[in-house]
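The shown structure was predicted, so the numbers you read here are calculated from the model rather than taken from an experiment.
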Amino acid sequence: MPAGIVHAAVETEDRDHVAVALGTSLGGSIIYDRRVGGGTYYALIQAHAGLDWAYEPTTVCLGHGTYLGVPRLDRQQPPGTYWVVPPRYEGDLCAPHLIVSLLDRGRSMLDEHHEHIDGMCPVPLVEEG
């Protein structure tokens, strides 16, 4: 999940606040790697859930044969790849429908922000004379 969409969805870029928000909203294990695409969050899901993923190419569901570097369990802060939400138990995965909701919210927030900026126009200067 691109960092920009995630940050828009949770309305913050603060690392600690993002971790709490993602842990609460997605309920599973999440990895962050800032070296990929300007920052990428990886929400871990069951393998079969990616067979019918509707959010490519913005948010790609990695499939069979893809390498994902997984940090040690005690790696929970930068630098490098780290766990935003470490697994609490074996099989601690995110629910795909919650990921979709988060992505929808993030895209909606970004769209609203762009519409607001695009809708702003400078006041034309009128010369008196």
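Scanning for side chain to side chain donor-acceptor pair (under 3.5 Å) contacts around E11 gives R105, with sequence neighbours left out. When the side-chain contact (heavy atoms from CB on, under 4.5 Å) test is applied to A21, the partners found at least two apart in sequence or on another chain are V10. Remark: D74 engages R72 in a side chain to side chain donor-acceptor pair (under 3.5 Å) (not counting sequence neighbours). Residues satisfying the side-chain contact (heavy atoms from CB on, under 4.5 Å) test with A43, not counting sequence neighbours, are M1, L26, I30, C94, I99. Judged as a side chain to side chain donor-acceptor pair (under 3.5 Å), and not counting sequence neighbours, the contacts of T81 are D33, R35. In terms of the side-chain contact (heavy atoms from CB on, under 4.5 Å) criterion, residue partners of E13 (sequence neighbours excluded) are, by chain and number, H7.
Checked against Y41 for a side-chain contact (heavy atoms from CB on, under 4.5 Å), the options I5, V85, L22 give a single hit: L22.
Here the closest heavy-atom approach between residue L98 and residue S25 is recorded as CD1-O, 3.5 Å. Among all heavy-atom pairs drawn from W83 and P71, the shortest one is NE1-O, 3.0 Å. Closest non-hydrogen pair, Q77 versus R15, comes out as CB-NH1, 3.5 Å.
At least one donor-acceptor pair under 3.5 Å links the side chain of S101 to the backbone N or O of H97. Using a distance-only test at 3.5 Å, with no hydrogens or angles considered, a donor-acceptor pair links the side chain of T24 to the main chain of V20.
To the nearest 0.5 Å, atom CZ of residue R75 and atom CD1 of residue I31 are 12.5 Å apart.
Hydrophobic clustering (side-chain heavy atoms under 4.5 Å, transitive across Ile, Leu, Val, Met, Phe, Trp, Tyr) groups L110 together with L103.
More than 12 heavy-atom neighbours from other residues, nucleotides or ligands sit within 6.0 angstrom of OH on Y89. By the 6.0 Å contact criterion, CZ on R88 is enclosed, its count of non-hydrogen atoms from other residues, nucleotides or ligands being greater than 12. Counting non-hydrogen atoms of other residues, nucleotides and ligands closer than 6.0 Å to CD of Q76 gives a total above 12.
When side chains are defined from C-beta on, V18 does not count as touching D14, because their heavy atoms never get closer than 4.5 Å. Side-chain contact between S29 and L93 is absent, with no heavy atoms from C-beta onward closer than 4.5 Å.
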Check your understanding: Would Y42 and L62 satisfy side chain to side chain contact (heavy atoms under 4.5 Å, CB included), going step by step from the backbone distance to the final call?
Key -> CA-CA 9 Å; Y42 297 95; L62 303 180; 3.8 Å; yes
